[in-house]
Amino acid sequence: MFGDLAGMMGKLKETQQKVEETKARLNSVLVDEQSNDGLLKLTLTANRTIKAITIDDSLLEDKEQLEDYLILTLNKAIEKATQINEAELAAVAKDGMPSIPGMDMFK
């Protein structure tokens with residue numbers, strides 16, 4: 001019984017370490033997004049940290065339009081980055097979950 005528990009704890013610790021490694025790796029996974037017309041471009045990491053924003057000069061003339069562009073494009077980029085982030089972390093968690101009776105929700 002205790003051997004199983006020790007093995008499970010080791011496996012959980014190993015999984016936790018893999019999750020941390022995956023999170024660190026996702027800092028280098030870049031997601032590019034742009035407005036439909038390409039006037040606003042941005043890059044963020046899969047951990048949802050903004051790395052770059054490029055704004056076409058024509059957008060600087062209309063503050064409201066620029067704000068709309070930022071909201072729409074940032075939301076699309078964050079959604080894309082979140083999907084990558086969750087898929088990567090779910091894969092690590094699923095691989096590392098010990099088979100505990102009643103704990104098969106990750107499968």
Side-chain angles (χ1 to χ4, degrees):
M1 168 78 190
F2 288 115
D4 289 349
L5 188 60
M8 262 194 301
M9 295 309 285
K11 185 89 170 150
L12 286 172
K13 203 174 191 84
E14 186 183 311
T15 301
Q16 198 172 12
Q17 188 177 349
K18 283 183 182 168
V19 166
E20 292 308 314
E21 288 168 5
T22 300
K23 284 182 182 175
R25 186 173 54 77
L26 289 173
N27 279 326
S28 63
V29 174
L30 299 179
V31 176
D32 292 313
E33 189 60 66
Q34 65 179 12
S35 58
N36 292 337
D37 55 13
L39 296 179
L40 177 75
K41 297 177 183 172
L42 44 94
T43 301
L44 65 160
T45 70
N47 282 328
R48 298 173 295 274
T49 301
I50 297 169
K51 290 294 188 183
I53 297 178
T54 307
I55 300 169
D56 188 271
D57 288 346
S58 65
L59 288 176
L60 299 178
E61 295 160 19
D62 185 342
K63 182 177 180 284
E64 275 185 32
Q65 184 186 15
L66 175 56
E67 289 169 349
D68 289 345
Y69 268 63
L70 282 167
I71 290 167
L72 288 169
T73 310
L74 279 166
N75 282 332
K76 279 198 309 190
I78 290 168
E79 188 177 321
K80 206 184 274 188
T82 299
Q83 288 171 350
I84 293 168
N85 186 293
E86 288 175 354
E88 292 284 327
L89 292 175
V92 172
K94 185 178 169 206
D95 277 354
M97 285 307 288
S99 52
I100 303 169
M103 290 286 288
D104 52 6
M105 61 190 162
F106 291 106
K107 292 190 166 114

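Given the structure is predicted, the values throughout are model-derived calculations rather than measurements.
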(request) Check whether more than 12 heavy atoms from other residues, nucleotides or ligands sit under 6.0 Å from atom CG of Asn36, and answer yes or no. (result) no
(request) Could you walk me through whether Glu88 and Ile84 pass side-chain contact (heavy atoms from CB on, under 4.5 Å), step by step? (result) CA-CA 6 Å; Glu88 292 284 327; Ile84 293 168; 4.3 Å; yes
(request) Report the C-alpha distance between Lys63 and Glu67 in whole Å, list the side-chain angles of each, state the deciding distance to 0.1 Å, and finish with yes or no for salt bridge (Lys or Arg N to Asp or Glu O under 4.0 Å). (result) CA-CA 6 Å; Lys63 182 177 180 284; Glu67 289 169 349; 2.6 Å; yes
(request) Go through Val29 and Leu26 one step at a time and tell me if the side-chain contact (heavy atoms from CB on, under 4.5 Å) criterion holds. (result) CA-CA 5 Å; Val29 174; Leu26 289 173; 4.1 Å; yes
(request) Take atom CD of Gln16 as the centre, draw a 6.0 Å sphere, and report whether it contains more than 12 heavy atoms from other residues, nucleotides or ligands. (result) no
(message) Thr54: which residues meet the side-chain contact (heavy atoms from CB on, under 4.5 Å) condition with it, sequence neighbours left out?
(response) Lys41
(request) List the steps, then state whether side-chain contact (heavy atoms from CB on, under 4.5 Å) holds for Leu40 with Ile55. (result) CA-CA 5 Å; Leu40 177 75; Ile55 300 169; 3.4 Å; yes
(message) Testing the basics here: between Val92 and Thr15, what is the closest heavy-atom pair and its distance to 0.1 Å?
(response) O-CG2, 3.9 Å
(request) Give the minimum heavy-atom separation between Leu59 and Leu66, together with the two atoms involved. (result) O-CB, 3.6 Å
(request) Please answer: with hydrophobic residues joined when any side-chain heavy atoms are less than 4.5 Å apart, are Tyr69 and Leu60 in the same cluster? (result) yes
(message) Could you measure the distance from the NZ atom of Lys23 to the CG atom of Leu89? Nearest 0.5 Å is fine.
(response) 6.5 Å
(request) Heavy atoms only: give me the nearest Leu44-Ala81 pair and the separation to one decimal. (result) CD1-CB, 4.2 Å
(request) Salt-bridge test for Lys18 and Glu14: reply yes if a basic N is under 4.0 Å from a carboxylate O, no otherwise. (result) yes
(message) Are Thr45 and Leu30 packed together at the side-chain level, in the sense that at least one heavy-atom pair is separated by less than 4.5 angstrom?
(response) yes
(request) Return the minimal non-hydrogen interatomic distance between Lys80 and Val31, and the atom names on each side. (result) CD-CG1, 3.6 Å
(request) For Lys76, check salt bridge (Lys or Arg N to Asp or Glu O under 4.0 Å) against everything at least two apart and list the hits. (result) Glu33
(message) Under a 3.5 Å distance rule, please check whether Asp56 uses its side chain to pair with a backbone N or O of Ser58 as donor and acceptor.
(response) yes
(message) Determine whether a donor-acceptor pair (N or O, by modelled atom type, separation under 3.5 Å) exists between the side chain of Thr43 and the backbone of Lys51.
(response) no
(message) Is there a path of hydrophobic side-chain contacts, each under 4.5 Å between heavy atoms of I/L/V/M/F/W/Y residues, joining Leu39 to Ile50?
(response) yes
